[in-house]
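The structure appears right after this line, and notes come after that.
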There are 2 protein chains.
Amino acid sequence: MVRRTGRRPGNPDTRDAILAAARSAFAEKGYDGASIRAIATGAGVDPALVHHYFGTKDKLFLAAMNMPLDPGEIIPEVLAGDPEGLGERLVRMFLTVWDSPAGKAGVGLLRSAMSSDWTARMFRDFVVTQVLRRVMNAVPMPPEEAPLRVSLVASQLAGLAMVRYVLKVEPLASTPREVLVAAVGPTIQRYIFGDLPKPKAAD
Amino acid sequence: MVRRTGRRPGNPDTRDAILAAARSAFAEKGYDGASIRAIATGAGVDPALVHHYFGTKDKLFLAAMNMPLDPGEIIPEVLAGDPEGLGERLVRMFLTVWDSPAGKAGVGLLRSAMSSDWTARMFRDFVVTQVLRRVMNAVPMPPEEAPLRVSLVASQLAGLAMVRYVLKVEPLASTPREVLVAAVGPTIQRYIFGDLPKPKAAD
DNA sequence: TCTGAAATTCAACGCCTGTTGAACTCAACG
DNA sequence: CGTTGAGTTCAACAGGCGTTGAATTTCAGA
């Protein structure tokens with residue numbers, strides 16, 4: 001039995017304050033643009049304290065981004081139901097998440113994924129293993145076509161996020177959610193269930 | 001009449017060498033990641049010479065990115081022809097450009113567009129005024145629906161570029177061009193000509 | 001109350017950045 | 001020849017960065 005003495009919990013609010021400041025900084029500036037000094041200032045704290053809690057900047061980034069989204073919860077909810085409306089439900093869920101406060105962190109992830117290499121790899125792996133693979137396993141598809149179909153879905157959704165939330169291109173940035181659901185839903189539906197060209201070996 | 005004496009032409013190759021090094025650096029690292037010092041080294045030149053030619057880093061970026069792509073040439077070529085195959089032709093043109101060496105600069109633009117704000121604005125304005133507006137004017141559409149339709153097209157194409165060329169998500173990154181043309185073409189076709197939900201005022 | 005560990009800060013290191021201005025080289029012109 | 005000015009480099013500035021280690025405060029347990 002290890003009985004540790006001394007001041008143990010102290011004031012754990014600061015840790016969360018740092019995390020919050022880090023999330024908003026990463027969201028606004030991306031990984032490279034956000035500085036530990038600025039994050040510390042935003043949390044009303046010395047930069048050294050950030051290192052005391054999280055070590056390197058990498059670990060802080062991971063800690064800041066891991067928390068806010070849990071795909072394990074929302075995805076099954078979307079996949080349940082009739083396959084006919086799956087495309088629309090997927091788009092609706094996607095837009096809802098991005099419109100929520102958790103979506104702000106997503107903007108940071110997306111920004112960071114484009115700048116450095118390791119964030120790109122991390123983002124890709126996260127999306128592939130946490131999101132696409134779940135969708136693949138839950139929807140009945142020929143296993144050969146599945147990866148391409150899922151990639152196509154990802155491309156349309158990623159483009160939507162980029163144009164609407166990062167670049168903020170009008171009028172798409174302020175188009176009501178349900179209009180986009182009706183417009184983009186069928187695309188997703190077709191990518192999942194529709195006809196697809198056979199990948200030929202020759203040529 | 002101003003008659004300038006002294007060494008005039010000298011060795012103007014260096015200017016292009018700097019431009020080339022800048023393009024490849026911006027493409028690999030994005031605006032913030034690429035450093036003037038690294039660009040200078042890549043061109044076998046002193047960092048100060050870069051400033052001598054281009055002034056600030058901003059101007060160098062603009063000079064490096066303005067050159068390689070001229071939408072005024074390729075877009076009309078795509079728009080000509082039967083409307084039926086327009087979607088596929090658009091996707092084919094898009095992928096061809098991105099596969100070409102000029103596309104490497106595009107990767108840089110896309111990366112940079114996500115990091116800083118002013119590059120995002122620049123990229124958006126470039127795309128909106130140089131690409132989307134041309135397409136809008138050339139394709140017969142009800143002027144009310146046109147902006148949304150064009151935005152949707154942009155979102156699908158942007159997502160394609162992001163997933164295939166920046167994030168390099170498999171299998172989409174190595175899927176043959178024509179397979180993607182057949183898969184995504186109909187989406188574009190539907191965004192341009194297909195049914196779209198009416199944007200309601202109420203609700 | 002005393003002790004010692006956690007929470008927090010201060011000051012500094014070394015590095016890289018964009019930018020500047022003075023210097024040097026050298027081909028072309030008068 | 002000598003002047004000129006473009007091409008080019010050198011050395012330095014001022015500032016931001018991530019990170020570190022020592023010092024200081026604060027408080028829970030003995």
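Chain identifiers are assigned alphabetically (A, B, ...) following the order of the sequence lines, protein sequences preceding nucleic acid strands; residue numbering begins at 1 within each chain.
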Quick one, V45(B) and I39(B) - any side-chain contact, counting heavy atoms below 4.5 Å? no

Taking C-beta and beyond as the side chain, do T187(A) and L152(B) meet within less than 4.5 Å on heavy atoms? no

Check nucleotides 10-14 of chain C against the protein and report each pair of N or O atoms closer than 3.5 Å, with its distance, or say if there are none.
none

Side chain to side chain donor-acceptor pair (under 3.5 Å) between R164(B) and S155(A), intermediate numbers included: CA-CA 8 Å; R164(B) 179 175 167 98; S155(A) 81; over 6 Å; no

CD1 of I36(B) versus C1' of dT20(C): gap in Å, rounded? 12 Å

Measure the CD1-CZ distance between I18(B) and R23(B) for me, rounded to the nearest 0.5 Å. 12.0 Å

For A40(A), which contact category applies under a 4.0 Å heavy-atom criterion: base, sugar-phosphate, or nothing? nothing

Hey, is the side chain of S35(B) poking within less than 4.0 Å of OP1 or OP2 on dC16(C), counting only N and O atoms? no

Between dT8(C) and T14(A), is there an OP1 or OP2 to side-chain N/O distance shorter than 4.0 Å? yes

When we call it a touch if two heavy atoms are under 4.0 Å apart, what does A34(A) touch: a base, just sugar-phosphate, or nothing? sugar-phosphate

Rounding to a whole Å, what distance do you find between F54(A):CZ and dT19(D):P? 14 Å

Nearest to the side chain of H52(B) - dT20(C), dT8(D), dT19(D)? dT8(D)

How are the rings of F26(B) and Y31(B) set to each other: parallel, tilted or perpendicular (split at 30° and 60°)? parallel

Here the pair of heavy atoms bringing I188(B) nearest to Q156(B) is CD1-CG, 4.0 Å

Under 3.5 Å, is there a donor-acceptor pair between the side chain of K29(A) and the main chain of S35(A)? no

Could you tell me the separation between the CZ atom of F61(A) and the C1' atom of dG18(D), rounded to a whole number of Å? 16 Å

Whole Å only: how far is the NE2 atom of H51(B) from the C1' atom of dG7(D)? 17 Å

What is the distance, rounded to the nearest whole Å, between atom NZ of K57(B) and atom P of dG15(D)? 19 Å

Between Y53(B) and dA6(D), does any side-chain N or O lie under 4.0 Å from OP1 or OP2? no

Rounded to whole Å, the NZ-P distance (K29(B) to dC16(C)) equals 13 Å

Report the residue (V45(A) or D58(B)) whose heavy-atom-nearest nucleotide on DNA chain C is the more 5′ of the two. V45(A)

Would you kindly give the NZ-to-C1' distance between K59(B) and dT19(C), to the nearest whole Å? 13 Å

